[in-house]
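All chains are named by letter (A, B, ...) in the order of the sequence lines, taking the proteins before the strands, and each is independently numbered beginning at 1. Computed from a predicted structure; not experimentally measured.
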Amino acid sequence: MQHKEEIAKQLAKPTGLKKEEIETILEIPKSVELGDYAFPCFKLAGIMKKSPVEIAKNLASNIKLKSPISQIKAQGPYLNIFIDKKIFVEEVLNINKDYGRDNFGNKKKIVIDFSSPNIGKPMHIGHIRSTIIGDSLMRIYSYLGYEPFGINYMGDIGLHIGKLIVAWELWLNKDELKKDPVKELLRLYVKFCEKEKSQVQEGTDEQEFENNEWTNKAKEKLKLIEMGDEKAHKIWEEIRKASGKGFDRVYKMLNVEFNEVTGQSKFSEAGKEIVMNAAKKGIAKTDRETGAIYIEFDKLPKKFILRSNGTASYITQDIAAAVERNKKYKFEKMIYVTDYRQMMHFQQLFEIIKKFGYDFSDKCYHVPFGTVNFGNEIIASRAGKIVLLEDVLKKTVEKAKEEIKKRETKGDEEKIGVGAVKYIIIKNEPQKDVEFSWDQALSFEGNTGPYLQYSYARASSIINKAKKIARKIKIPKNLNEKEKELIKKILDFPKIVKEAAEKLNPSLIANYSFELSQAFNGFYTSCKVINPEEGKETEVFRLKLVDAFRTVLKNSLYLLGIEVMEEM
RNA sequence: GCACCCGUAGCUCAGCCCGGAUAGAGCACCAGCCUUCUAAGUUGGGGGUCCAAGGUUCAAAUCCUUGCGGGUGCGCCA
């Protein structure tokens, strides 16, 4: 806000401090009654050798009021400053549907790698965080004038594929596959893991899967794929298709889209080439005994980047994928949204890119997020102990349907149910673990998605009743506390969006949305909008205020991927 | 062992980056508010050694150090 600078300028003389210094000292009081800005006088107390209370008093009586300042009050050691309400009100009156949008991104490209599930396995509740956070970042960057590219980089190769091929050949039920490909694939995977586990000898903890008949079978299949075996490739393709169907259903429900859907396997060859080149140049080292290629770092543990049998591993592919994206998109930033267990992997990846002589490594970011815990249930796809994301969504949608019926209201059960799940996930600070439970998911009261949507619907209901909003609106003589609080919250929006982008943290927008809705509901209960006692002019103004609120809440929820409705 | 993250009300979380006014919400609990724009709402109440101990400061949940508790990583897995 420019007000801050202006206030600092005006305070410079009477306080004898520099403008810049005052700007850092100025703070925003906890409640609107205390003013719009506050200047704590402790620092001056040290300099002037007087009590801060006294200094505040003196300053309050000595400073001449000049726009934008309309009032100055001393309160204890604080100098509380009030800004001419006209300035706030005018800003609110000017709010239109693009409020908060900006084009300072200047169409610069941002690559966001998110969701990225493993094919063959179903998406469980743990996968949702990458998907939701990534999707929100896409929206935020686009809103600020960047050009984001969302990439779904699927785990389409690895030992789990080998396992599935073995299981597919032995136990596939084609009818079940048609009916529900996700469940059938899960059944196959679980059955394989049971067989595998039955071979494990007790007490051989670390090597439990070495020389395991079943694990070896899976490894063989994996090798067949690498060698281009036709039959293995055909099954691989089938698995890809079947699990793709399941993913598509989930993405459709979540209303998440990507610019590019690709897989790790596509980057194996290019990755090997890059690594071999680096080895030739001596940047990467070769293990003399085995022939495996690795990289050493100053502060990180060494990393193998090519197996001794010459096959690519995860990081081999990641290197090639990063290089290709840089070439293709010339990005300003590339963001990986994965859980924090991969933190070191990405540190190593970025270092390797730098060591290999590419100049984009400092444009790479990793957004690490914590795990999603589901009550006491342990999520392990091996054992089939899994809470399917699709089931969670279906269940919340079902609950929404019941609620609508119970209340005899309208509303879109899909938007409510899906919004509820998204909100639980995104309202948390990414790096913290999320506690997810049925109780929480199915609760639609308090700090929840439906509460936000409900606030929007209430506001919409007023607007729809009023039919039209006047163009010319007089600035009211007085504002009550609830109106002021709502106005100030509304005006915070652009700042919050930018902060969320800067910190790669959509939860800031989620928390803001909640506070904004609280401010509205407080206003709603104490201020009548249509036919208020205060008269027609108040009605006209409040209608516009309500309209501004719903515009901003809609935009704010849009950035989280949560949809609103006019009635619920 | 080394590294990273977390620790705030019974539970789930904001606040910490950038130190300031009585530490805030939601859930749960108790007591109110629907003949007035949607009660998925709202008003009030109880409930806190901000993990602990030191340090810096006029001022610490916030910054620094150490310790404790919990999670995670340190594979030729992905």
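- In summary, A/Glu403 and A/Arg407 engage in a salt bridge, as defined by a charged side-chain N under 4.0 Å from a carboxylate O.
- With respect to the salt-bridge test (charged N to carboxylate O, under 4.0 angstrom), the residues A/Glu5 and A/Lys19 qualify.
- Between A/Lys528 and A/Glu533 there is no salt bridge, since no side-chain N of the basic residue sits under 4.0 Å from a carboxylate O of the acidic one.
- Between the NZ atom of A/Lys30 and the C1' atom of B/G24 there is a distance of 8 Å, given to the nearest Å.
- Residue A/Lys503 places its side chain closer to B/C17 than to any other of B/C17, B/G15, B/G71.
- Within the 4.0 angstrom heavy-atom criterion, base atoms lie near A/Glu27.
- Using a 4.0 Å heavy-atom criterion, one finds that A/Ala38 contacts the bases of the nucleic acid, with or without backbone contacts as well.
- Between B/C5, B/A78, B/A14, one nucleotide has an atom nearer to the side chain of A/Arg307 than all others, and that is B/A78.
- Between A/Lys410 and A/Glu566 there is no salt bridge, since none of the side-chain N atoms of the basic residue sits less than 4.0 Å from a carboxylate O of the acidic one.
- Just one of A/Asp36, A/Leu34, A/Val32 meets the side-chain contact (heavy atoms from CB on, under 4.5 Å) condition when paired with A/Phe82; it is A/Asp36.
- Side-chain N/O atoms of A/Gln431 include one lying less than 4.0 angstrom from OP1 or OP2 on B/C6.
- Residue A/Asn118 is in sugar-phosphate contact alone, with no base atom involved, counting any heavy-atom pair closer than 4.0 Å across all strands shown.
- Using a cutoff of 4.0 Å between basic side-chain nitrogens and carboxylate oxygens, A/Lys272 and A/Glu269 are scored as salt-bridged.
- Nucleic acid contact class of A/Pro29 (heavy atoms, under 4.0 Å, all strands): base.
- Using a 4.0 Å heavy-atom criterion, one finds that A/Thr290 contacts the bases of the nucleic acid, with or without backbone contacts as well.
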Pairs under 3.5 Å (N/O, protein and nucleotides 55-57 of chain B):
none

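- Nucleic acid contact for A/Asn80: base, since at least one base atom lies under 4.0 Å from a heavy atom of the residue.
- Between A/Phe350 and A/Tyr336, the angle of the ring planes lies from 30° to 60°, which puts this pair in the tilted group.
- Relative orientation of the A/Tyr37 and A/His3 rings is perpendicular, given thresholds of 30° and 60° on the angle between their planes.
- The aromatic rings of A/Phe192 and A/Trp214 sit perpendicular to each other, their planes meeting at more than 60°, with 30° as the lower class boundary.
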Kindly give the atom pairs (protein nitrogen or oxygen, nucleotide nitrogen or oxygen) under 3.5 Å for nucleotides 34-40 of chain B.
unit_1	atom_1	unit_2	atom_2	d
B/C37	O3'	A/Lys465	NZ	2.9
B/C37	O2	A/Val529	N	3.4
B/C37	O2	A/Ile530	N	3.1
B/C37	N3	A/Val529	N	3.0
B/C37	N4	A/Tyr524	O	2.5
B/C37	N4	A/Cys527	O	2.5
B/U38	OP1	A/Ser461	OG	2.4
B/U38	OP2	A/Ser461	OG	3.3
B/U38	OP2	A/Lys465	NZ	2.9
B/U38	O2'	A/Tyr454	OH	2.1
B/U38	O2'	A/Arg458	NE	3.4
B/U38	O2	A/Met568	O	3.1
B/U38	N3	A/Met568	O	2.5
B/U38	O4	A/Glu566	O	3.4
B/U38	O4	A/Met568	N	2.9
B/A39	OP2	A/Arg458	NH2	2.7
B/A40	OP2	A/Arg407	NH1	2.3
B/A40	O5'	A/Arg407	NH1	3.2
B/A40	O4'	A/Arg407	NH1	2.9
B/A40	O4'	A/Arg407	NH2	3.3

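- The A/Asn511 side chain lies nearest to B/A14 when the options are B/A14, B/C17, B/C74.
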